[in-house]
Amino acid sequence: MEILIKGGRVMDPARHFDTVCDIQIVDGVIQKIGENLAPETENPTMIDASGKVVAPGLVDMHCHLREPGQEYKEDIESGTLAAAKGGFTSVACMPNTAPVLDNAAMIEFVKSKAAAVGHVHVWPIGAVSKGLAGEQLAEIGDMREAGAVAVSDDGRPVANPELMRRALEYADMFDTLVISHCEDLSLANGAMNEGAVSTRLGLKGIPNAAEEVQVARDVIIAGELGKRIHIAHVSTAGSVEIIRQAKARGIRVTAETCPHYFTLTEEAVEGYDTNAKMNPPLRTEKDLLAVIAGLADGTIDVIATDHAPHHEDEKNVEFAVALNGIVGFETALGLGITYLVKKDKLTLQELLQKMTCMPAKILGIEKGQLMEGAAADIVIFDMEHPYRVNVSSFASKSKNSPYNGYELYGKVEYTLADGKVVISPDMQ
């Protein structure tokens, strides 16, 4: 089977490639990248990409697919279709399912289910501790052998510093990344960011320190051990500065943020909008600008979605008891282009780097590049014409997004995974 993508602006941030040319795909593999390529078979699938950007399929190193146990919110089939609609061809799913992904059998379940019904590649992340209880280490080596690409207790912090220390040492033996959800629960007993808005709304606030003290703790432990650590969903100016200084000292720390932390502030909570409730919470304009600066100077390596689907009944309640999180697959690229590239905060090449080759490199997976001989994981999107977000058209089972009605650039037109067209204009 041959597919010929013609005349697009082909970008591969891994090798700083940016040229108008063609891509020939045969049997799911990129055969040639070059100008004026001719088909080699009689009836190839032709994709006219003129005026569009052709890039590596996006890589999301932090999402929630909810299966097993919470399929009413999302499952592997619906979640991977939503990912494809957003241009993602590889997603790494967090272990806070029911039951928890804390053993080899659960990792194998996710991999086999994804192979059977998934629309894109799924890379499971195992738990740091058994049952996410923060008491005993999970069998990191067994999970790694079964296919886990990292370990994390995401959704909960590893509160015990000794357990984190042992996790970093043990994970390093298997060349496995530890992803830290940085939250001091004794400080984080609130519903939104602590400040003037929380006071005005009468909601208990969460201070920046709830995140920052654990970021500091974990980079100190990692630095002392000489092990690597990845900080999830950075939201505060203080966290950005701690990570910046840690990198300057040679500590092996990488970090991610999410689109909501560079596009929204605590003001989005006005009206008690539970779609603006997440963990960590939306912060201030000062924090937002610091996150953007951290993206620009390389302190923050990755943009991840933290795709967190919830049923309407779990959001349509009082703000204080509503569950945290928003769906993110289908808006992430558009938000990055609209709020970072179009506003000259990052170049398109830099944005794509943080959404393709960099997360792939950190996870240690061979994805996020456009190269001859590589699997044809590709996204084609429109940079020039705005589109309006409509949550009712989301492929995700859940619609909990604060971006409904937003006008964004970067609409995904095609997503190909292993050379299979998963998303095309006539499918949307």
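In this structure, the side chains of Leu163 and Leu137 come closer than 4.5 Å at one or more pairs of heavy atoms.
Ion pairing of Asp297 with Lys247 is absent here, as no side-chain N (NZ or NE/NH1/NH2) approaches a carboxylate O to less than 4.0 Å. The existence of a salt bridge linking Arg244 and Glu241 is confirmed by a sub-4.0 Å separation between a basic side-chain nitrogen and an acidic carboxylate oxygen.
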Please output the side-chain donor-acceptor pairs of residues 214-222 that fall under 3.5 Å, not counting sequence neighbours, one pair per line with the distance.
{"from": "Gln214", "atom 1": "NE2", "to": "Val158", "atom 2": "O", "distance (Å)": "3.4"}
{"from": "Arg217", "atom 1": "NH1", "to": "Val158", "atom 2": "O", "distance (Å)": "3.2"}
{"from": "Arg217", "atom 1": "NH1", "to": "Ala159", "atom 2": "O", "distance (Å)": "2.9"}
{"from": "Arg217", "atom 1": "NH2", "to": "Val158", "atom 2": "O", "distance (Å)": "2.7"}
{"from": "Asp218", "atom 1": "OD2", "to": "Ser180", "atom 2": "OG", "distance (Å)": "2.6"}

Distance-only check: which donor-acceptor pairs under 3.5 Å involve side-chain atoms of residues 90-104, not counting sequence neighbours?
{"from": "Ser90", "atom 1": "OG", "to": "Trp123", "atom 2": "NE1", "distance (Å)": "3.4"}
{"from": "Asn96", "atom 1": "OD1", "to": "His64", "atom 2": "ND1", "distance (Å)": "3.0"}
{"from": "Thr97", "atom 1": "OG1", "to": "Pro95", "atom 2": "O", "distance (Å)": "3.3"}
{"from": "Thr97", "atom 1": "OG1", "to": "Pro99", "atom 2": "O", "distance (Å)": "2.7"}
{"from": "Asp102", "atom 1": "OD2", "to": "Gly131", "atom 2": "N", "distance (Å)": "2.8"}
{"from": "Asn103", "atom 1": "OD1", "to": "Ala105", "atom 2": "N", "distance (Å)": "3.1"}
{"from": "Asn103", "atom 1": "OD1", "to": "Met106", "atom 2": "N", "distance (Å)": "3.0"}

Determine all donor-acceptor pairs shorter than 3.5 Å in which one atom belongs to a side chain in residues 349-360; sequence neighbours excluded.
{"from": "Glu350", "atom 1": "OE1", "to": "Thr347", "atom 2": "N", "distance (Å)": "2.9"}
{"from": "Glu350", "atom 1": "OE1", "to": "Thr347", "atom 2": "OG1", "distance (Å)": "3.4"}
{"from": "Lys354", "atom 1": "NZ", "to": "Leu295", "atom 2": "O", "distance (Å)": "3.1"}
{"from": "Lys354", "atom 1": "NZ", "to": "Ile300", "atom 2": "O", "distance (Å)": "2.8"}
{"from": "Thr356", "atom 1": "OG1", "to": "Leu352", "atom 2": "O", "distance (Å)": "2.5"}

Side-chain donor-acceptor contacts of residues 366-379 below 3.5 Å, not counting sequence neighbours, with atom names and distances?
{"from": "Lys367", "atom 1": "NZ", "to": "His121", "atom 2": "NE2", "distance (Å)": "3.3"}
{"from": "Lys367", "atom 1": "NZ", "to": "Asp377", "atom 2": "OD2", "distance (Å)": "2.9"}
{"from": "Glu372", "atom 1": "OE2", "to": "Ile33", "atom 2": "N", "distance (Å)": "2.9"}
{"from": "Asp377", "atom 1": "OD1", "to": "His121", "atom 2": "NE2", "distance (Å)": "3.3"}
{"from": "Asp377", "atom 1": "OD1", "to": "Asp418", "atom 2": "N", "distance (Å)": "2.7"}
{"from": "Asp377", "atom 1": "OD2", "to": "His121", "atom 2": "NE2", "distance (Å)": "3.1"}

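If you check the side chains of Gln70 and Glu74, you find no donor sitting under 3.5 Å from an acceptor. In this model, a donor atom of one side chain and an acceptor atom of the other lie less than 3.5 Å apart for Arg283 and Ser235. Using modelled atom types and a 3.5 Å distance limit, the side chains of His311 and Lys73 yield no donor-acceptor pair. A donor-acceptor contact closer than 3.5 angstrom links the side chains of His230 and Thr254.
The aromatic rings of Phe319 and Tyr272 lie perpendicular to each other, with more than 60° between the two planes, well past the 30° mark.
Arg156 is linked by a side-chain contact (heavy atoms from CB on, under 4.5 Å) to Leu185, counting only residues two or more places apart in sequence or in another chain. Residues meeting the ring-ring contact (aromatic ring centres under 6.0 Å, His included) test with Tyr403, sequence neighbours left out: Tyr406.
Figure legend: cation-pi geometry between Arg166 and Tyr170 absent, as NZ or CZ is not positioned both under 6.0 Å from the six-membered ring centre and within 45° of its axis.
The distance from atom CD1 of Ile47 to atom CG of Leu416, rounded to the nearest 0.5 Å, is 5.0 Å.
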